[in-house]
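This report refers to the structure that appears directly beneath it.
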Amino acid sequence: MSDEILYDRDPRYIPRVAAVHDMCGYGKCSLTAAIPILSAAGCDVCPVPTALFSAHTRYKVFTFHDTTEILDGYLDAWRQESVDLDGVYSGFLGSADQVAIIKRLYEEYPHALRLVDPVMGDGGEIYATYTPELCRAMGTLVDGADVLMPNLTEASILTGCEYPGQDIDDAQVDALLDALLDAGARNVVLKGIDRGDGKIRNYVASASTGAAGKQELAHDKLPFMTHGTGDAFASALCGAVMAGRPLAEAADIAGEFVRHAMESTQYQPNHEERGVSFELDLGEMTNLVQR
């Protein structure tokens, strides 16, 4: 695996990570995944709530409140209190205007890692609250991303390609990786390739080696699906990166964390909609930073 370390962790220091995501009252995703998973990995999570939902958009009934109008004042208050950040981890956005909020964080904290989960859709479908304008704006976060973590739906949107389904060959993987790296991403973790052989594959590539130097990480696939695995994966990956682990190792840690969490999830009621139950597996993240 690649030995590139993106964050040199001082074991005595707790890094601060701005988590720029929505908050769902019910259903495990976004901030309700990012806060506990990153905290377990020894991070001080500083939420920037991009929207408030009663439940996530897989439910038939949900309320949605866009928080864009409060966010500049929110960050102004941080600056007045001299808040510092070591990472900016972005995900689901409530409007295209919120991309400017993320770029403001990049400008005000130029030393912070840019960890981008370009949340837009899954399974070839765009999420209900996303507009073409928002998808285009999300694409502007690719350039300069220290880690870009798209699934195949999101990679297709970002590269302007037709969604190819989950079963893609190495040549298609390479084309997507190279297109995202050419667009300015420094590292890409492409998630969720399923070739029907009982494995879920993720691929890690860097701008220094291109897709030719990609690393494949395969994990056993469980015989059911549930909502929120992408958010849990991205949060665990970010936690492992901020724990000082090399990127490919961090992606492998995240894949195993999600697999173990899904094994616990299958015993929970309504798990297909509610989401992945990772609570019993948070110790895996804490173990990364045990002194």
So do the side chains of V147 and L113 get within less than 4.5 Å of each other, counting heavy atoms only? no
Is there a side-chain contact between L190 and N202 in this structure, where contact means two heavy atoms from C-beta onward sitting under 4.5 Å apart? no
Which word best sums up how the rings of Y130 and F92 line up, parallel for under 30°, tilted for 30 to 60°, or perpendicular for over 60°? perpendicular
Determine whether M23 and V88 fall in the same hydrophobic cluster, where Ile, Leu, Val, Met, Phe, Trp and Tyr are linked whenever their side-chain heavy atoms lie under 4.5 Å apart. no
Can you name the closest pair of heavy atoms from P49 and T67 and give their distance? O-OG1, 2.5 Å
State, yes or no, whether a side-chain contact exists between F257 and L282 at a heavy-atom distance under 4.5 Å. yes
What is the distance from atom CG of L115 to atom CG of L38, rounded to the nearest 0.5 Å? 9.0 Å
Looking at D252 and A248, would you say the former's side chain and the latter's main chain have a donor-acceptor pair under 3.5 Å? no
When you check the side-chain N and O atoms of S156 and T153, is any donor under 3.5 Å from an acceptor? no
Minimal heavy-atom distance between P36 and L31, with the atoms involved, is CD-O, 3.8 Å
Please collect all side-chain hydrogen bond (donor to acceptor under 3.5 Å, both in side chains) contacts where either partner lies in residues 91-101, sequence neighbours excluded, each pair once. D66-Q98, T68-S95, T68-Q98
Could you see if L141 belongs to whatever hydrophobic cluster contains L176? Use Ile, Leu, Val, Met, Phe, Trp, Tyr and a side-chain cutoff under 4.5 Å. yes
Looking at side-chain heavy atoms only, is the closest gap between Q166 and I193 below 4.5 Å? no
Take R186 and L148 through the test side chain to side chain contact (heavy atoms under 4.5 Å, CB included) and record every step on the way to the result. CA-CA 8 Å; R186 294 168 183 156; L148 181 72; over 6 Å; no
So V142 and V116, do their side chains get closer than 4.5 Å, heavy atoms only? no
Apply salt bridge (charged side-chain N to carboxylate O under 4.0 Å, His left out) to D194 and K221, showing your working. CA-CA 9 Å; D194 184 353; K221 180 184 178 182; 2.5 Å; yes
4.5 Å side-chain heavy-atom contact, V188 and L181: yes
Using a 4.5 Å cut-off on heavy atoms from C-beta on, say whether the side chain of L75 contacts that of L71. no
Counting only heavy atoms not in I14, do more than 12 fall under 6.0 Å of its CD1? no
Measure from the side-chain N and O atoms of T286 to the backbone N and O of A40, and report whether any donor-acceptor pair falls under 3.5 Å. yes
Between R104 and E107, is there a salt bridge with N-O shorter than 4.0 Å? no
Between D167 and G196 (side chain of the first, backbone of the second, donor and acceptor by atom type, cut-off under 3.5 Å), is there such a pair? no
Quick check: does any side chain N or O of Q172 sit under 3.5 Å from a backbone N or O of D169, one acting as donor and the other as acceptor? yes
Can you pull the salt bridge (charged side-chain N to carboxylate O under 4.0 Å, His left out) pairs that have at least one residue in residues 109-133, sequence neighbours excluded? D117-K191
Spell out, as yes or no, whether a donor-acceptor pair under 3.5 Å connects the side chain of S235 to the backbone of A232. no
Test: R79 cationic atom under 6.0 Å from Y109 six-membered ring centre, within 45° of axis: yes
Would the distance check show the side chain of D231 and the main-chain N or O of S30 forming a donor-acceptor pair, the cut-off being under 3.5 Å? yes
Go through C46 and W78 one step at a time and tell me if the side chain to side chain contact (heavy atoms under 4.5 Å, CB included) criterion holds. CA-CA 10 Å; C46 306; W78 281 13; 3.6 Å; yes
Measuring from atom CG of L85 to atom CZ of R16, what distance do you get when rounded to the nearest 0.5 angstrom? 8.0 Å
Residue pairs meeting salt bridge (charged side-chain N to carboxylate O under 4.0 Å, His left out), one or both in residues 269-285, sequence neighbours left out, come to K28-E279
Would V45 end up clustered with F233 when hydrophobic side chains under 4.5 Å apart are linked, directly or stepwise? yes
Go through the structure and list residues passing side-chain contact (heavy atoms from CB on, under 4.5 Å) with D174, not counting sequence neighbours. A211, K214
Answer yes when K199 and D220 have at least one side-chain N-carboxylate O distance shorter than 4.0 Å, and no when they do not. yes
Drop me the distance from Q290's CD to M285's CE, to the nearest 0.5 angstrom. 12.5 Å
State plainly whether the residues R195 and D170 are in salt-bridge range, i.e. N to O under 4.0 Å. yes
Among residues two or more places apart or on two chains, list those pairs meeting ring-ring contact (aromatic ring centres under 6.0 Å, His included) that have a residue in residues 13-38. H21-Y89, Y26-Y59
As a quick check of understanding, evaluate side chain to side chain contact (heavy atoms under 4.5 Å, CB included) for L52 and T63, giving each step before the final call. CA-CA 8 Å; L52 299 177; T63 63; over 6 Å; no
Under the side-chain contact (heavy atoms from CB on, under 4.5 Å) test, residues paired with L222 that sit two or more places apart: F224, M262, E263
Distance-only, no hydrogens or angles: does the E216 side chain make a donor-acceptor pair with backbone N or O of Y203 under 3.5 Å? no
Nearest heavy-atom contact between C24 and A55 is SG-C, 4.1 Å
Is there a path of hydrophobic side-chain contacts, each under 4.5 Å between heavy atoms, that joins I5 and V189? no
Which is it for E249 and L247 under the side chain to side chain contact (heavy atoms under 4.5 Å, CB included) test, yes or no, and what are the steps along the way? CA-CA 5 Å; E249 181 184 347; L247 180 58; over 6 Å; no
Identify the two heavy atoms, one from P47 and one from I35, that lie closest to each other, and give their separation to 0.1 Å. CG-CD1, 3.8 Å
So if you build clusters from Ile, Leu, Val, Met, Phe, Trp, Tyr with side-chain heavy-atom gaps below 4.5 Å, do I101 and M138 land together? yes
Taking atom CD of Q268 and atom OG1 of T226, what is their separation to the nearest 0.5 Å? 10.0 Å
To the nearest 0.5 Å, what is the distance between CG (L237) and CE (M149)? 6.0 Å
One should read off an interatomic distance between R259 CZ and T229 OG1, to the nearest 0.5 angstrom, of 14.0 Å
Any side-chain heavy-atom pair from C238 and V17 closer than 4.5 angstrom? no
Scanning both residues in full, the closest heavy-atom pair of P15 with G42 reads CD-O, 3.5 Å
For a quick test of reading the model, state the closest non-hydrogen atom pair linking S277 to S264 and the distance between them. O-CB, 3.9 Å
Under the side-chain hydrogen bond (donor to acceptor under 3.5 Å, both in side chains) rule, what do H56 and D22 come out as? Steps first, then yes or no, please. CA-CA 9 Å; H56 62 66; D22 67 288; over 6 Å; no
